[in-house]
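Notes for the one structure printed next.
Nothing here was measured: the structure is a model prediction, and the numbers come from that model. All values below were derived from every heavy atom in this structure, side-chain atoms included, with hydrogens, water molecules and symmetry-related copies excluded.
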Amino acid sequence: MANMLRNGTDWLHRKLKQHAGETLVYSRGAQSVTVTAPMGKTMMRLDNTQTGGAIIEWTDADFLIAAADLVIGGSAVEPERGDKIRWTKEGITRVFEVLAPGGEPCWRWSDEHQTVYRIHTKQVDTE
């Protein structure tokens, strides 16, 4: 049964990438790789130590990038805070930085089989 579920999950990710994917340039320093990935957003609930309540903050964009596609300089890499993702649409390139608010991790696995990263970002520039 586990193989059937993994096959189904893999199929869904391929279809999402095929039909809702955007062409992106993922870079770390001077090295980069072009990938196709769907986009989303994540609502993060952060504890506010000053008031004892919670702060709700949205990421500007989450990118669902297959781990197998994130190869920079010939090596598979995990996302790191400070990496950049460039997305060009209608002649405008939006630059996103890999990060998350409140000290939260900047990425998490999107699936239980650990094949797709959900990378949290904030837009930092327009080119």
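Counting non-hydrogen atoms of other residues, nucleotides and ligands closer than 6.0 Å to CD of Gln114 gives a total above 12.
Taking both residues in full, the closest heavy atoms of Thr121 and Phe63 are given as OG1-CE1, 3.5 Å, listed atom of the first, atom of the second, then distance. Closest approach of Ala61 and Met39 over heavy atoms only: CB-CE, 4.0 Å.
Distance check: Cys106 SG to Ile119 CD1 gives 8.0 Å after rounding to the nearest 0.5 Å. If you take OG on Ser27 and CD1 on Ile85, they are separated by 8.5 Å, rounding to the nearest 0.5 Å. Residue Asp62 holds its CG atom at 15.0 Å from OH of Tyr117, rounded to the nearest 0.5 Å. Expressed to the nearest 0.5 Å, how far CG of Asp125 lies from NZ of Lys84 amounts to 9.0 Å. Annotation: the span from Leu99 atom CG to Asp60 atom CG amounts to 8.5 Å, rounded to 0.5 Å. Here Leu64 contributes atom CG and Thr36 contributes atom OG1; the two are 13.0 Å apart, rounded to the nearest 0.5 Å.
The ring pair (Phe, Tyr, Trp, His ring centres under 6.0 Å) search around Trp87 returns none, not counting sequence neighbours. Partners of Thr88 by side-chain hydrogen bond (donor to acceptor under 3.5 Å, both in side chains), not counting sequence neighbours, listed by chain and number: Thr93.
Hydrophobic clustering places Val33 together with Phe96 (ILVMFWY residues linked when any side-chain heavy atoms are closer than 4.5 Å, directly or through intermediates). Note on Leu24 and Val71: separate hydrophobic clusters, where clusters join Ile, Leu, Val, Met, Phe, Trp and Tyr whose side-chain heavy atoms are under 4.5 Å apart, directly or indirectly. No path of Ile, Leu, Val, Met, Phe, Trp and Tyr side chains, each step under 4.5 Å between heavy atoms, connects Val77 with Val25, placing them in separate hydrophobic clusters.
A distance-only check finds no donor-acceptor pair linking the side chain of Ser110 to the backbone of Val116 [under 3.5 Å].
For the pair Lys122/Glu97, no side-chain contact is recorded, criterion being any heavy-atom separation below 4.5 Å from C-beta on. Counting heavy atoms from C-beta on, the side chains of Val98 and His120 never come closer than 4.5 Å. Side-chain contact between Arg86 and Arg94 is absent, with no heavy-atom pair separated by less than 4.5 Å.
Within the structure, the side-chain hydrogen bond (donor to acceptor under 3.5 Å, both in side chains) test picks out the following pairs touching residues 72-83 (sequence neighbours left out): Tyr26-Asp83, Arg28-Asp83.
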